[in-house]
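A quick write-up on the structure given underneath.
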Amino acid sequence: MTELTPLRHIPTANVFRKGDVFVLFGELFGRGYVNGLIDEARDAGMTIVGITVGRRDESGALRALTAEEHAEAEEKLGGRIINVPLMAGFDMDAPEGEQNPTELLAGVKLKTWQEDKLDWEKIERCREAGVRRFTTSAAQAMAEIDKLIPEGANVFFAHTMAGGIPKIKAFLAIANRIYKGRGERFESSRALLDSDLGKLILMNFDEVTANTLKYLLDASAPIRERVTKAGGEVRYTAYGYHGTEILIGGEYQWQTYTNYTQGYAKMRLESIAEAAWQQGIAATVFNCPEIRTNSSDIFVGVELSLFPLLTALKKEGGGEWAEKQWAICQELLGEGTSLQSLLDTIEKYNNDATSAQFRNFEAWPMDNTPALADVMIGTSEAITDLHKDRKALITDHLSSLVLEGAGPLMFHGASERIAPVLWLNHDIIARQLNALHP
Ligand SMILES: NC(=O)c1ccc[n+]([C@@H]2O[C@H](COP(=O)([O-])OP(=O)(O)OC[C@H]3O[C@@H](n4cnc5c(N)ncnc54)[C@H](O)[C@@H]3O)[C@@H](O)[C@H]2O)c1
């Protein structure tokens with residue numbers, strides 16, 4: 001089990017400067033966490049380089065970006081993108097002439113998925129095919145990136161990949177019930193994990209969310225060796241999730257979103273960084289707070305832990321700027337609703353006996369229950385309803401603040417070379433934000 005190792009100071013070390021290279025290992029989305037790191041890299045004058053996961057054509061085959069897609073992605077990133085498809089996972093891979101896992105599971109029905117069995121030898125062959133495809137492409141992409149790194153430059157690799165939900169019709173319906181369903185529509189996460197379908201999904205999460213860090217470390221070994229031989233420095237960061245300390249009852253307490261099915265893969269990600277660290281490679285997994293992004297929007301209720309950040313901003317010495325954040329959030333609420341009353345609702349939710357029993361670090365990631373779904377999804381929906389506009393939520397604003405704070409903490413924290421696994425909790429995020437806005 002991982003020890004809870006929060007970052008408690010604001011790192012200021014910096015090895016990166018103009019002409020150094022920042023490599024994004026994942027694609028960039030508007031609200032994604034990695035925007036915070038990219039802002040830091042850009043401010044430092046680094047050259048930004050990215051990759052693509054590629055796209056699927058109508059037959060499901062993986063392809064590179066078209067010239068138009070490529071140009072658009074490069075413009076969004078503000079840097080070159082190596083056009084070798086790096087889609088991770090094996091849900092669409094199979095040895096020549098065999099069916100891939102998505103095809104093998106095409107017949108799964110909502111009524112029978114818990115009993116449906118998989119041929120694990122076939123699945124293993126698909127996994128091997130997927131890993132072979134990814135590692136071959138990663139080596140090819142890294143050889144291209146190598147050419148873009150000048151002699152004497154330092155390199156920052158930012159891993160951001162996470163995901164792996166296969167596009168199987170029945171599963172999308174099941175996932176909707178597990179992450180969004182309550183009452184009649186509730187579905188047990190344990191039932192999923194005990195099924196063959198669930199076991200396959202966990203394997204795919206491991207591939208996308210965790211093993212890609214190992215493949216990155218391996219594929220970039222020649223770059224690492226060349227750069228360090230020339231006296232340069234190499235850093236790797238990855239985004240983890242393993243719960244977050246937030247203010248509950250005036251104190252920072254660890255809590256988590258439940259059920260975080262990807263949790264097993266995130267723990268594997270931590271152990272990959274730990275193993276690399278043991279070998280002298282500076283790879284750090286930063287376990288980050290819950291925010292709303294393209295990837296997390298499916299988890300209804302994940303955003304509830306964001307609200308107490310407002311209280312943390314004040315507790316950590318926030319002045320005028322912190323007050324302004326309160327005013328911005330108050331402005332998003334409908335007439336007659338005070339921000340304080342919303343924060344009181346969150347405090348009540350966190351102290352509710354049902355949700356409090358999930359604050360168990362050792363037992364993480366715990367299974368969902370109908371009672372938890374009821375109170376968590378119920379509170380989430382009730383709070384959304386208090387806004388003027390369901391498309392302009394307080395959690396959008398707070399998410400952008402968290403990723404702004406996480407950027408410098410990770411950028412300078414990686415430079416300082418502190419530890420293989422670090423938690424960025426609300427205390428340090430608030431302190432960093434206040435320091436950025438004196
Ligand atoms: N949103 C949160 O609450 C939260 C909290 C802690 C950690 N994180 C982590 O932060 C990282 C970035 O996520 P985000 O929430 O900013 O969302 P995002 O949607 O912006 O980023 C997801 C990333 O995963 C990549 N990806 C998805 N499927 C992939 C596949 N099959 N193969 C290769 N790459 C794939 C995407 O290209 C993208 O770079 C992830 O590792 C995520 O787990 C998120």
Side-chain angles (χ1 to χ4, degrees), residues 23-38 50-56 62 65 73 76-77 81 84-93 101-102 130-131 133-134 137-138 141 158-167 179 201 203-213 215-216 237-244 246 256-257 260-270 272-273 285-306 309 365 395-396 398-400 402-407 410 421-426 429:
V23 181
L24 173 59
F25 201 64
E27 289 195 359
L28 179 65
F29 298 119
R31 301 184 294 163
Y33 247 122
V34 81
N35 285 286
L37 262 184
I38 290 179
I51 58 102
T52 175
V53 302
R55 299 290 176 266
R56 296 214 177 266
L62 193 59
L65 301 178
K76 201 166 78 180
L77 179 68
I81 287 181
V84 176
L86 282 172
M87 183 81 74
F90 61 97
D91 44 308
M92 300 279 279
D93 287 276
T102 305
V131 172
R133 171 186 57 74
F134 188 89
S137 301
H159 175 282
T160 169
M161 293 180 177
I165 293 184
K167 289 194 178 51
Y179 302 123
I201 288 165
M203 280 171 76
N204 210 42
F205 286 163
D206 274 349
E207 277 306 321
V208 179
T209 301
N211 295 352
T212 47
L213 176 62
Y215 304 146
L216 166 64
T237 61
Y239 293 86
Y241 177 69
H242 199 148
T244 309
I246 65 166
T256 177
Y257 167 77
Y260 188 63
T261 325
Q262 282 84 341
Y264 304 98
K266 286 297 189 195
M267 285 194 279
R268 181 188 276 259
L269 179 75
E270 292 171 356
I272 290 169
V285 169
F286 287 88
N287 286 330
C288 291
E290 305 78 359
I291 63 170
R292 291 191 38 239
T293 64
N294 289 6
S295 296
S296 68
D297 267 355
I298 179 176
F299 308 120
V300 176
V302 72
E303 79 289 355
L304 292 175
S305 58
L306 267 165
L309 179 71
T395 47
D396 292 322
L398 296 178
S399 296
S400 71
V402 170
L403 73 83
E404 181 192 342
M410 290 176 68
V421 183
L422 289 171
W423 268 256
L424 302 183
N425 296 313
H426 276 194
I429 295 277

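Throughout, residue positions are numbered sequentially from 1 according to the sequence presented. As a basis for the values below, the full set of heavy atoms in this structure was taken, side chains included, without hydrogen atoms, waters or symmetry mates. As the structure lists them, so they are numbered: ligands from 1, and atoms in each ligand from 1.
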Glu290-Ser296 side chain donor-acceptor pair, cut-off 3.5 Å: no
Proximal ligand 1 atoms for Cys288, defined as those under 4.0 Å from one of its heavy atoms: 5 (C), 6 (C)
Exercise: identify the closest heavy-atom pair between Pro85 and Gly54: CB-CA, 3.8 Å
For Met161, the ligand 1 atoms whose distance to one of its heavy atoms is below 4.0 Å: 24 (O), 25 (C), 33 (C), 34 (N), 41 (O)
Nearest non-hydrogen protein atom, atom 20 (O) of ligand 1: Gly32 CA, 3.2 Å
Polar contact flag for Val53 and ligand 1 (N/O pairs, less than 3.5 Å): no
Ligand 1 contacted by Leu86 (non-hydrogen, < 4.0 Å): yes
Heavy atom of the protein closest to atom 36 (C) of ligand 1 (residue, atom name, distance): Phe29 CE1, 3.8 Å
Shortest heavy-atom approach to atom 31 (N) of ligand 1 - which of Gly164, Gly89, Ala88, Gly50: Ala88
Part of Val208 with heavy atoms under 4.0 Å of ligand 1, whether side chain, backbone, both or neither: side chain
Distance-minimising heavy-atom pair for Arg133 and Ala88: NH2-C, 4.4 Å
From Thr209, Thr160, Val285 - option closest to atom 13 (O) of ligand 1 by heavy atom: Thr160
Audit row: Thr293, Phe29, side-chain contact (heavy atoms from CB on, under 4.5 Å) steps and yes/no: CA-CA 8 Å; Thr293 64; Phe29 298 119; over 6 Å; no
Carboxylate-amine/guanidinium proximity below 4.0 Å for Arg292 and Asp396: yes
Atom 9 (C) of ligand 1: the protein heavy-atom neighbour that sits closest, reported with distance to 0.1 Å: Tyr239 CB, 3.4 Å
N or O contact, Tyr241 vs ligand 1, cut-off under 3.5 Å: no
Residue Ser296 vicinity, atoms of ligand 1 by number, heavy atom under 4.0 Å: 1 (N)
Ligand 1-proximal atoms of Pro289, by part, heavy-atom distance under 4.0 Å: backbone
Numbered atoms and elements of ligand 1 in range of Gly240, under 4.0 angstrom, heavy atoms: 6 (C), 7 (C)
Met161 and Leu216, any side-chain heavy atoms less than 4.5 Å apart: no
Sole residue of Tyr179, Tyr257, Tyr260 in side-chain contact (heavy atoms from CB on, under 4.5 Å) with Val302: Tyr257
side-chain contact (heavy atoms from CB on, under 4.5 Å) evaluation trace for Tyr239 with Leu37: CA-CA 11 Å; Tyr239 293 86; Leu37 262 184; 3.4 Å; yes
Closest protein heavy atom (residue, atom, distance) for atom 4 (C) of ligand 1: Tyr33 CE1, 3.6 Å
Region of Lys266 engaging ligand 1 - heavy atom pairs below 4.0 Å: side chain
Winner among Ala406, Ser295, Ala265, Ser399 once heavy atoms are compared against atom 18 (P) of ligand 1: Ser295
Check: Pro289 and Ile429 side chains under 4.5 Å, non-hydrogen atoms: yes
side-chain contact (heavy atoms from CB on, under 4.5 Å) assessment of Glu207 paired with Asp93: CA-CA 12 Å; Glu207 277 306 321; Asp93 287 276; over 6 Å; no
Heavy atom of the protein closest to atom 37 (O) of ligand 1 (residue, atom name, distance): Glu27 N, 3.0 Å
Criterion side-chain contact (heavy atoms from CB on, under 4.5 Å) on Asn287 and Lys266, from CA distance to verdict: CA-CA 9 Å; Asn287 286 330; Lys266 286 297 189 195; 5.8 Å; no
Proximal candidate to atom 14 (P) of ligand 1 [heavy atom criterion; set Thr293, Ile291, Leu28]: Thr293
Proximity of Ala162 to ligand 1 by residue part, where a heavy atom lies under 4.0 Å: both
Atom of Val285, atom of Ala273 and distance for their closest heavy-atom approach: CG2-CB, 3.7 Å
Enumerated ligand 1 atoms positioned under 4.0 Å from heavy atoms of Glu290: 3 (O)
